[in-house]
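Below: one structure, written as structure tokens.
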Amino acid sequence: MVLPLRRLEDMAMGESMDIVVEVLTLREGHTLVRDLWFGCQCRILEVLEPGVWTLYGYIVSAEMGTCLRPCTGSKKFRKPSDPKSREIHIKELCVGIGGFSAGAYVSGFRTLAFLDHCDIACATISDNGGRALKADIAARESRIALHEIDPDKACMITAGFPCQPFSRQGDGRGFLDERAHTLTHVLLAIWFLQPEGAVLECVVEAERHPLVRTMLAELVGKLGWRQHHLVLELSDQWPCRRSRWWCLLVPADTPFQLEAWPRQATTPCIADVISEWPSWEAQAIEQLQWDEEETKHFLDPALGLLNGLSVRFVHQPDLRAALRLIGQIASPIQSCWIFAQVRQFRELRHGLEPLEGPMQALDRLKNKLLQEREDCWKLPSMGIPRELTFLQLGNCIKVKVTGAVQVKEVVRAEKQLQGPGSNIRIQAGSRVLGEDAYLHAQPSEPYVLCVSPKKQRPVSEHCHVLVCVPGGAIQLSLAQGALPCQVLSLAGLQGDRQLRFASTQEAVPRHCRLFGRHLLDARPLQQISCEPDELTDCQIASFLQVIARLLPEGHAVLLPRTASLLTCLQASGALQCMSGIEVAGATRLHIIAEANAHWYLLSVDWETGAAVHWDPAPERTQAEASALLAVLRDQAIGLSDGQALHCGAGALSPEAKVALSELLISKGVPADRVGERVAEATSKVGTSKIEEGLRASKPWAVLKSLASSLAQPFRWIKAEELEAQIRARADNKFGTAASEAKSHKLKPSKGAKQKGVPQLDPRHLELIEGAFITGDGTTVPSLSFEDVEANAHGVAVCSPAQALPFMEDDASISVEPLALVSTAPIGGLDQACKRAQELRFPAIYGPTSEPILVAGTLIQLGDTQVRTAAGNTSADQVSTGVIKVTVYKDQWGGDWDSFLQAPVKSLMQQVPLLNLCKGQGCGTNCAKFHASIDEAPDTVIHEVWARKYQLDNGTKATAAQATSFQVFLRVPASAVNGLQQISTPGVYVEPREAGNATGPSREFAVIWLPGMDYQAALHCKRKTDKVLALTRLGGKYGVRVKATEEEAAFKVLRPEHAYSRVRVAARYKLHPLPHGLTRQGLQQLLDSWNWSAKPLAPTRGDATGCAWEIGTECPPPSAALATSSGFVLPVQISSPVTPPLPLPVLASSKTRKHIHAGSASSSSTGEDPWANGQDPWAKYRRGQPEVPKATAGAASKIKEVQQQLKQEVDDAVQSSLAERRALDEATEHRFQKLETGLTELRAQGQKFENWFSEAGKRMDQQAGEVHSLQQAVQSQRQEIGQLHGQIATQGEVMSNTVSQAVVTMRNDLNTQLSTQLTAQMEQIQALLSKKQRDGRSRS
């Protein structure tokens, strides 16, 4: 085995262990698992769900043999299932600059976490929006931290391990280099994380290393995976030489083959990617200044692009550190090719249609890199004067520029020409450029300048302009793109006249081109005052600008010229040309306007629509102010229709203030509160309305009517003041206070609003024949209550009070079928009577002779059971569920007014799932409801009820005032789950209890997310797959999950809070609690009291302590709860809500009215109204058959039963006596055998005792021999150690001797060879010299 994993048998007791196991069987208190690496079985001392688990920090124990038990620091993670979706996740190890994720992102992969131990790498990942985890992959804690990040999401593992130990340019030391062991830790991480696949990258030489092959083969064998190897040369697709080995590890049960990319016909060169080198900042050049050693290598900031990295990538400020990361990059281009094939393989495996092929993804990435380079690089050629060309509506526009120009500069200039109300964008072909993109003189695609109006309206060939002049308005129709000078010419105005946009009073530039519709103001602007006391338009505008700066936040000022313009347009009938007045962020608008040579102030509340007219003499400008307010309500965007105009100088006159104060004191307002109440009324009701009410003949009635007509009604007299006034009047009139009994009568009970349950008279009911039968189908006749006695036969109708004595006895009084049925359900059946059951039975109501259905209780009084008759025909029906649908105005995608006209119809149009698919034109993209094979509904919506228009706080409102709409729908049960997960804007669906829909479905739970808006809640929904849908309550958002998964989802979404699942059935107030107690602290107190409750909200406390409101489903454990600072009293403020009882009577309206009338008359007096006369309903009882009190058959049956019982008792006694005699004989025989057996056992025990004694002696002797043997072995071990030392010493001596001998022999040999060579050379020289002499002698 190559990877450092240990067997459980090799671990010492108490040692911590990490292991990957598969659950085999579940036992009581423990789980039998199999070690997936070694294949052996062991026990885990806790219950695990079926699946594959990774266990960290489990302790080896001997409690049940050799087993593992969890401890405090133990962690466990279940292997997630492989989701059949297009969303794929990865976790990247040894990330460096993040090249894996940069390429995988193109193919739809999302990286959950990046792990690296380098500070520069982690900082770079964080700057680019990644989740960086700074840790050493060799540390066990790093694997645990990586596992804790989204453990419920299936993912792949990627890693580029160090190449220096294997590369030709490195040391090539292989696993002798410490950096090579990073691969070992990466493979260990893959094993423990149990991903759905892995991708590794390194130099080509790594694949050839034998140990790398062995480790990979061992891992994939244990995981059941298969290896796919591929060497990619980057220069085949991009101008950079970078050959890398890629290894893909995927499950072996699916066919897959990793394909190499094609080589381009022409080798890419740098000019294809970088046609012009960009200009760098001086600071960047200074950082990258080479020294003598660095001049030997080529470094450039463009290396990132040459390696396939986007130019938008955010590098570290230290560019040298950034270049180091680029040098270790796994090219995103190569990564894109690998992951595109992985995605394609995964889509085919799950039966999904592939979105694109690997080559398409590669081309898209390369085009994206080139486009980003063109947009983001500032080139030296941009510094010279050049000409930019734009196409607009088929016309070519050329603009001369100098220096680098970005899109946002051109858009800003064009907006100044076009004026407000236009959307401007620049496209390169079909691609919209970002605002920071640089513009080129000769782009790859021509630039297109697109100008469109902000509001969607039909595109016209003409530009419609309305010019406001003194005394009226002129309508003009010009060609699109007309200039202001053309407008002045057609309007017959002087060419030097200044035009202004009417809505903002901003000047129209001379070169501005007009498109669409415009409202222009051509009235002259008064700049020089003609009179000493007259203010000019400029002076007024400057004055209002100063006022606007001094006003608090949320207040805005409208110029007088705009106000007069609105009046002018209204007078000329051209008001519809005004595009609308919009006040961004303002809640109150102040307008200073002129009318009849007088100034007045109109102050409008933007949220409520209320307006106040300020003028010392309101009557002189009131008509003009009302007209201006009407224009504002027609034209203002977001202005509510509020109250009528309040006119006045801003405060009550002294006479009105005195009159109102005296009136309030007379009605019960204390004298010390009158001033405060008058000021509050003035601000809410208005001075003009109060003064008008005081002048009326009945001022108090008028003032109360004015206060009640407000959107939020104002109370002149508070409840406690009114009660004090009533008591004072009673004391003055009667000389004593009103009795408490009467005051209690005046207090309405909780059920006062509910109609009383009708009380049926049993004498008015006649059972329908055949309604009640026995078990064998025999019809049970009806019986009067007076005839119910022992051994009677039949069914009698009675009141609940008459039935209670029989329920208390809970005994049978007849051998015949006998039962009582009450006219109303009787509660507490489980505790009172086991022979009773609730049911609904048919009867004839005598006074109207009509059939009714009555809900009551059937009480069995006989030995033979009585039940209601059931039909034999079962009709086809669809299992249904109930949902509550809430639609919010602020998120509804369509027109709210149209929605209010037909809410349910609009819902069916916006939510396709509410419509049943009939099969016509149905395809794979059909979003309608498709019923299952075993159900055939006629429609999706079976029932609609409880329509409600409401405000944000849940109170009922009219349709015009409503901010949300609520309705209950009954739909097929199979459609409930799909409907609650719809994503229609503003529509929220809540499953309800299927029966009576009195509460939310208990199959689901809601986790509220305090303080989060819609986008934050939507992000939380995406964080975990356990979330089914978003939910909303007013301004509060939450997520809905299954009730069984609530705890797991709560820990993911709100990890900082403690989880507590409590059903709120009752509410209590806890007081006094310590001041400053937090929600978490209160939860700790509740846990310490062993009270299953949860905090709801803080409530009003006092000086002794704060108070909290809590919810619970059980009473408090004690009447006073102890804390460290004293006792806390739990006071119940709401009782558990009991489910409503079923409607006791189902009948026609005629019968129900009669029942209610009879119930009311009978409850008004206890006397019999027919006591002194003939009962008019007596004829309805004449036809009732007379039932005998007891039948003869019952008496004979009783005698027969008595005789039979007597015979059975005699037989049983005789049989018992015979069995007793036989049992005594058998017992005596057994006792004899037992004595014999005991004697034999005693003898055998003596033998065993002797044997054990001899065995003990032998074991002691063997133990002594073993001890002697151990001592002998120890002494031999010491001798062997000494011998080993001697051998080592002799080896060293021998080695030295041999070395010296070899050196001596080598020296001797060298000397001998040298001597021989010298002698031979002398002989040769002598021969040569002799030959020369012989030659001379011959000559």
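FYI, the numbering just counts along the sequence from 1.
- For Arg364 (side chain) and Val106 (main-chain N/O), a donor-acceptor pair under 3.5 Å exists by modelled atom type.
- With values rounded to the nearest 0.5 angstrom, Leu449 atom CG is found 10.0 Å from Arg425 atom CZ.
- With rounding to the nearest 0.5 angstrom, the CH2 atom of Trp377 is 4.0 Å from the CD1 atom of Ile274.
- Side chain to side chain, Gln910 and Thr984 fail the donor-acceptor criterion of an N or O pair below 3.5 Å.
- Counted within 6.0 Å of NZ on Lys408, heavy atoms from surrounding residues, nucleotides or ligands total more than 12; the atom is thus considered enclosed.
- Gln406 contributes a side-chain N or O that, together with a main-chain N or O of Asp436, makes up a donor-acceptor pair within less than 3.5 Å.
- Looking only at atom types and distance, the side chain of Gln498 has no donor-acceptor partner in the side chain of Arg500 under 3.5 Å away.
- A donor-acceptor pair under 3.5 Å is formed between the side chain of Ser906 and the backbone N or O of Ala902.
- A donor-acceptor pair is defined here as one N or O able to donate and one able to accept, closer than 3.5 Å; no such pair exists between the side chain of Arg373 and the backbone of Lys368.
- Here the CG-CZ distance, from Asn367 to Arg431, works out to 10.0 Å after rounding to the nearest 0.5 Å.
- Counting heavy-atom neighbours within 6.0 Å of Lys928 NZ, excluding the residue itself, gives a total of 12 or less.
- Within the 4.5 Å cutoff, the side chain of Asp363 has heavy atoms near those of the Met359 side chain.
- From Asp952, atom CG reaches atom NZ of Lys889 across 10.0 Å, with rounding to the nearest 0.5 Å.
- Remark: aromatic rings of His440 and Tyr438 are distant, center separation not under 6.0 Å.
- Considering only heavy atoms from C-beta on, Thr963 stays 4.5 Å or farther from Asp890 through its side chain.
- Ile333 is listed as a side-chain neighbour of Leu369, based on a closest heavy-atom distance under 4.5 Å.
- At least one side-chain heavy atom of Leu439 sits under 4.5 Å from a side-chain heavy atom of Phe390.
- Contact check for Val887 versus Trp896: side-chain heavy atoms found under the 4.5 Å cut-off.
- Contact annotation: the side chain of Val273 approaches that of Leu370 to within less than 4.5 Å [non-hydrogen atoms, C-beta and beyond].
- The closest side-chain heavy-atom distance from Leu493 to Val467 is below 4.5 Å.
- Side-chain atoms of Glu372 and Leu305, non-hydrogen and from C-beta on, never get closer than 4.5 Å to each other.
- Phe899 and Trp892 have tilted rings, their planes meeting at an angle from 30° to 60° on a 0 to 90° scale.
- Atoms SG and CD, on Cys376 and Gln371 in that order, are 11.0 Å from each other to the nearest 0.5 Å.
- Note that CD of Gln901 and CG of Asp897 are 7.5 Å apart. Values are rounded to the nearest 0.5 Å.
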